[in-house]
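Okay, so here's the structure we're looking at.
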Amino acid sequence: MGGGPMLRELFETLLTPASREAQRLGLVHEQVAFAARARRLAAAWAPHREAARAAVWRVAETTPGQELAVVLGAGILLEIPLEALVARYRRVVLVDVVLSRAVRAAQRHHPGVEAVAMDLSGLLPALQPGVDRLVPPSPAPLPPEAGEADLVVSANLLSQLAIVPRRFLDQHGVAWEAQDAVARALIDAHLAALACCSGTVCLITDFEREERPTTGEEGATRYDILYGARPRIEGSRWLWDLAPPGEEDRTLQVRHRVMGGLFINPQGEESV
Ligand SMILES: C[S@@+](CC[C@H](N)C(=O)[O-])C[C@H]1O[C@@H](n2cnc3c(N)ncnc32)[C@H](O)[C@@H]1O
């Protein structure tokens with residue numbers, strides 16, 4: 001194998017500008033590893049990438065206004081039809097706690113693209129040794145642009161919000177039940193924030209992890225990665241071949257179920 005890919009990840013992690021919080025908690029490395037996986041598994045991930053981009057575009061096409069689009073969890077722009085959004089909206093604001101190379105390049109190349117580095121959970125500073133009770137702010141913080149945007153896209157962020165906080169709590173001996181409660185609270189707080197947006201909201205999120213052994217007779221094991229939360233969307237569902245056999249384990253296939261489309265505001269009105 002050689003150390004090439006690992007070294008590349010290490011350099012990218014060191015060279016990505018990010019807040020001390022994001023560095024300290026491993027969010028930068030997390031995103032760099034996601035980018036490396038996306039490169040390595042480009043063929044297996046292609047159907048997911050296309051389904052996600054199509055879901056975003058189907059919602060974008062319906063917005064009456066074309067002034068401002070905000071993308072939450074912009075990541076490496078894998079799931080974002082950026083060129084199409086740039087052509088449709090005068091301003092496109094890309095938001096993530098870590099601004100990837102792809103996002104910074106998009107900002108340089110397109111005059112209408114802005115990038116905002118922001119913790120969308122509001123919880124990261126509270127993750128300190130000794131903490132035993134954590135209550136995320138609800139609704140979760142959003143950049144001010146989201147309130148007035150014609151389109152807000154929550155781009156495969158919902159299940160991710162809890163990953164780093166859970167890992168931190170686990171390393172600090174917090175019980176699983178308490179970890180689950182924080183995870184669910186983070187998810188609910190993000191959904192509550194989306195419900196406050198006055199424009200059209202597109203939600204892309206994975207909601208179930210399926211682990212299937214490729215040997216023996218055992219069936220698949222499924223995990224609810226939204227901890228019981230089930231946001232309503234009008235759109236489509238698909239399978240993301242996240243880790244074909246050999247990626248996480250030689251004899252394990254991991255797939256995620258994903259939904260993407262128009263977020264239906266639980267307050268009873270569509271977020272239109
Ligand atoms: C699965 S990736 C999203 C991929 C992205 N939509 C794309 O098209 O490349 C999840 C993203 O959520 C971001 N993220 C995780 N926790 C966050 C937080 N507290 N605030 C803001 N962004 C966060 C990560 O940095 C990562 O880029």
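Order of listing sets the numbers, starting from 1, for every ligand and every atom in it. Values reported hereafter were calculated over all heavy atoms of this structure, with side chains retained and with hydrogens, waters and symmetry mates removed. A quick note: this is a predicted structure, and the numbers were derived from the prediction, not measured.
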query: Would you say A102 touches ligand 1, if touching means a heavy atom closer than 4.0 Å?
result: no
Can you list the ligand 1 atoms lying under 4.0 Å from a non-hydrogen atom of [X]?
X: S121; answer: 19 (N)
X: L120; answer: 18 (C), 19 (N), 20 (N), 21 (C)
X: M118; answer: 20 (N), 21 (C)
X: L27; answer: 15 (C), 16 (N)
X: L78; answer: 7 (C), 8 (O), 9 (O)
X: L157; answer: 12 (O), 13 (C), 14 (N), 22 (N), 23 (C)
X: L77; answer: 7 (C), 8 (O), 9 (O)

From the candidates [options], the one that places a heavy atom nearest [atom]:
atom: atom 25 (O) of ligand 1; options: I204, V98, D96; result: D96
atom: atom 9 (O) of ligand 1; options: I76, L158, T205; result: I76
atom: atom 17 (C) of ligand 1; options: V164, V97, L94, V153; result: V97

- request: Taking only Lys NZ, Arg NE, NH1 and NH2, and the carboxylate oxygens of Asp or Glu, determine whether D170 and R166 approach each other closer than 4.0 Å.
  value: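 The answer is no: the pair does not qualify as a salt bridge.
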- request: Compute the ring centroids of Y227 and W176, then answer whether they are less than 6.0 Å apart.
  value: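 Ring centres of W176 and Y227 not closer than 6.0 Å.
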- prompt: Which is it for A74 and ligand 1 at heavy atoms under 4.0 Å: side chain, backbone, both or neither?
  reply: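 Backbone only; the side chain of A74 stays clear of ligand 1.
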- prompt: For atom 8 (O) of ligand 1, what's the nearest protein heavy atom and its distance?
  reply: E79 N, 2.7 Å
message: Could you identify the single nearest non-hydrogen protein atom to atom 19 (N) of ligand 1 and state the distance to 0.1 Å?
response: D119 OD1, 2.9 Å
Just distances here: any N/O of [X] and N/O of ligand 1 closer than 3.5 Å?
X: Q160; result: no
X: L161; result: no
X: N156; result: no

- prompt: Parallel under 30°, tilted from 30 to 60°, perpendicular over 60°: which one fits the rings of W45 and F34?
  reply: tilted
message: Ring-plane angle category for W240 and H256, please: parallel below 30°, perpendicular beyond 60°, tilted otherwise.
response: perpendicular
Find out whether [X] and [Y] are in side-chain contact, i.e. whether some heavy atom of one side chain is under 4.5 Å from a heavy atom of the other.
X: V32; Y: V98; answer: no
X: Y89; Y: D150; answer: yes
X: H29; Y: Q23; answer: no

Set of residues satisfying side-chain contact (heavy atoms from CB on, under 4.5 Å) with respect to E247, sequence neighbours excluded: R37, R40, L41, A243, P244
task: From the options V135, L161, V164, V182, select the one residue that forms a side-chain contact (heavy atoms from CB on, under 4.5 Å) with L123.
output: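 Looking at V135, L161, V164, V182, the match for L123 under the side-chain contact (heavy atoms from CB on, under 4.5 Å) is V182.
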task: Check whether the side chains of R58 and S236 place a donor and an acceptor atom closer than 3.5 Å, and report yes or no.
output: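 There is such a pair between these side chains.
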- request: Apply side chain to side chain contact (heavy atoms under 4.5 Å, CB included) to the pair R237 and R257, showing each step before the final yes or no.
  value: CA-CA 7 Å; R237 292 179 171 207; R257 273 173 215 284; over 6 Å; no
